[in-house]
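Have a look at the structure below before the remarks.
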Amino acid sequence: MSAQDLLAPEAMLAASAVRTGLSDFGDPGFREGLDRLLSDIRALDLPEAFAQATAFRIGQFLDARAMAVDGLRRHGEVRSTPIRQPLIIAGLVRSGTTALHQLLSLDPQFQGPEHWLTVAPMPRPPRDRWQDIPQYRAVADAIAAFVASAPEMLDDHMMSAEGIEESLFILATGFASNMWPSMWPVPRYDLWYRDRDDSDSYRWLADVLRLIGKGDDRRWLLKNPTDLFSLGEVLNVFPDAMIVQTHRDPVEAMPSICNLILAAQRVFAGDRADPVAIGEREAEMWAMALDRAERVRAGSGNRFFDIEFRDFTRDQLGTVKRLYDHFGLTLDASTEAAMQAWLDAHPRRATAGPRYRPEDFGLTADGLRERFAGYRARRGYA
């Protein structure tokens, strides 16, 4: 089968149905995003190996969608389960969101979507049964293969099958998601995605969380930097959410963000990944996201807690304690000890200076200062 045929929407859906034995993908509204995404990817004319990798990766999300639809059909009662005051971490990529997420996930008062359950959504089984579940073992094997092809992704994202995962992975099964422009250069899809109301994506996220957390009434802990871009829609669906926004000077963060995206695109698009195009896209996207979030915050009565990257890296556990105090949460001694043990086992890497330069991605420090002028002035970076 040619790459064009392999990546045709009907072929992708049919292949997913064969793998899972499930042919119901739920609300057909997701097809607009899927069709646009695959059209852009086919236009890249990927070499066979990259087309195969692309079909596998997108196929995983189609499979996950079918499994979630099936699970929600069989456990329809979960749709009425309230999601009360979720704690949501959002912030510029490379501003400490991953480390903060990992720390907070050590607190048993929270539940979060484990990575393997974002790939194979189902009511969360008891932990001691996971090794006996084929879907868990398949996800663990797939992560090992992915990390072998792009080891820097492990350093940046701390990926594991059993670890807590970004809600981005569930949102991506709706096929209106920032994940896809991060993995392939898909400009027409990207313009469509950025111009849409994302409320349906977050309603879908809420239902999948309800399925995974069936019978578990703990508070949800969620993390997705791109929530900044859709913060209004996030609060439409989770109106009592407690939002933690992390902050870092974009002039410092942007080259590292671009390098992360370049690494992902090279895995799936090879030499079609263009550092200059990535630089322009990421700078534009995150400037827009920060401006949108500020407008939502200005008109919202919801509670926010702000964390500066430099403050967090200087005193991670102290920052966590201030976060708990702000939201009236209790940090017990055993959880604090577990957090300290995790910090001791994951010391921050010392660096002599920035590893990547704006110029590596067609950007300049002066250009970034101008593009993010409003945000930098608000945060005192200017």
Side-chain angles (χ1 to χ4, degrees), residues 61 64 67-68 71 78 81-91 93 95-130 133 135-136 139-140 143 156-174 177 179 201-228 234 237-238 240-246 305 307 316 319-320 323-324 327 329-332 334-336 338-339 341-343 346:
F61 286 85
M67 290 187 67
V78 302
T81 303
I83 296 179
R84 296 192 176 95
Q85 291 188 303
L87 184 64
I88 298 177
I89 302 168
V93 176
S95 65
T97 58
T98 297
L100 179 63
H101 193 212
Q102 294 288 327
L103 276 176
L104 296 182
S105 73
L106 299 172
D107 190 335
Q109 73 176 290
F110 299 124
Q111 63 174 316
E114 292 83 1
H115 177 79
W116 79 275
L117 288 171
T118 69
V119 178
M122 65 179 72
R124 186 185 293 111
R127 180 64 180 85
D128 59 5
R129 286 185 44 215
W130 290 5
I133 298 173
Q135 292 90 342
Y136 170 81
V139 171
I143 287 179
D156 289 324
H157 192 62
M158 305 180 185
M159 297 173 71
S160 68
E162 64 277 2
I164 194 168
E165 187 52 271
E166 293 188 17
S167 52
L168 177 67
F169 280 68
I170 297 173
L171 289 162
T173 61
S177 167
M179 174 175 281
S201 297
Y202 286 93
R203 287 192 293 268
W204 167 250
L205 168 65
D207 279 346
V208 177
L209 293 175
R210 292 178 175 111
L211 174 66
I212 293 172
K214 182 177 184 290
D216 189 337
D217 62 359
R218 291 177 297 165
R219 187 192 306 273
W220 280 98
L221 170 64
L222 305 175
K223 173 242 181 177
N224 177 23
T226 314
D227 283 352
L228 289 182
V234 171
V237 176
F238 305 111
D240 59 354
M242 302 185 297
I243 308 291
V244 180
Q245 185 173 349
T246 57
F305 183 72
I307 295 177
Q316 291 168 299
T319 301
V320 168
L323 184 159
Y324 275 61
F327 289 123
L329 300 170
T330 299
L331 178 63
D332 65 33
S334 61
T335 298
E336 183 176 343
M339 289 180 176
W342 187 90
L343 288 169
H346 299 85

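Reckoned from all heavy atoms, side chains included, excluding hydrogens, waters and symmetry mates. This structure is a prediction, so every number in the text was calculated from the model and none was measured.
For the side chain to side chain donor-acceptor pair (under 3.5 Å) test, no residue two or more places apart in sequence or in another chain qualifies with Q85. Residues passing the ring pair (Phe, Tyr, Trp, His ring centres under 6.0 Å) test with W204: none are found, sequence neighbours excluded. For V237, the side-chain contact (heavy atoms from CB on, under 4.5 Å) test picks out Y202, R203, A206, with sequence neighbours left out. Partners of F238 under the ring pair (Phe, Tyr, Trp, His ring centres under 6.0 Å) rule, at least two apart in sequence or in another chain, do not exist in this structure. With sequence neighbours left out, P82 forms a side-chain contact (heavy atoms from CB on, under 4.5 Å) with R84. Residues forming a ring pair (Phe, Tyr, Trp, His ring centres under 6.0 Å) with F305 (at least two apart in sequence, or on another chain): H326. With sequence neighbours excluded, the residues satisfying side chain to side chain donor-acceptor pair (under 3.5 Å) with T335 are D332. When the salt bridge (charged side-chain N to carboxylate O under 4.0 Å, His left out) test is applied to D207, the partners found at least two apart in sequence or on another chain are R79, R210. In this view, E162 and R127, W130, Y136, S160 satisfy the side-chain contact (heavy atoms from CB on, under 4.5 Å) rule, not counting sequence neighbours. Under the side chain to side chain donor-acceptor pair (under 3.5 Å) criterion, S95 pairs with T246, sequence neighbours left out. The side chain to side chain donor-acceptor pair (under 3.5 Å) test applied to T319 returns R322, not counting sequence neighbours.
Here the CG atom belonging to L87 is positioned 8.5 Å from the CD1 atom belonging to I243, to the nearest 0.5 angstrom. A distance of 6.0 Å separates CG in L106 from CE in M339, rounded to the nearest 0.5 Å. Rounding to the nearest 0.5 Å places CG of D107 at 9.0 Å from CG of L221. Here the CD atom belonging to E166 is positioned 5.5 Å from the CG atom belonging to N224, to the nearest 0.5 angstrom.
Residues R218 and F110 fail the side-chain proximity criterion, which asks for heavy atoms closer than 4.5 Å. Inter-residue side-chain proximity for Q135 and V119 is flagged as unmet; no heavy-atom pair is nearer than 4.5 Å. Between F169 and V208 there is no side-chain heavy-atom pair separated by less than 4.5 Å. At least one side-chain heavy atom of L329 sits less than 4.5 Å from a side-chain heavy atom of R219. Between L103 and W342, the closest side-chain pair of non-hydrogen atoms falls below 4.5 Å. Residues L222 and I89 have side chains not in contact (no heavy-atom distance under 4.5 Å, counting atoms from C-beta outward). Side-chain contact check for W220 versus L209: some heavy-atom pair is nearer than 4.5 Å. Side-chain contact between K223 and I88 is absent, with no heavy atoms from C-beta onward closer than 4.5 Å.
With hydrogens and angles disregarded, no donor-acceptor distance shorter than 3.5 Å links the side chain of E165 to the backbone of I170.
For residues 115-126, every residue pair satisfying the salt bridge (Lys or Arg N to Asp or Glu O under 4.0 Å) rule, not counting sequence neighbours, is listed here: E114-R124, R124-D216.
Side-chain atoms of T81 and K214 form no donor-acceptor pair, as typed in the model, at a separation below 3.5 Å.
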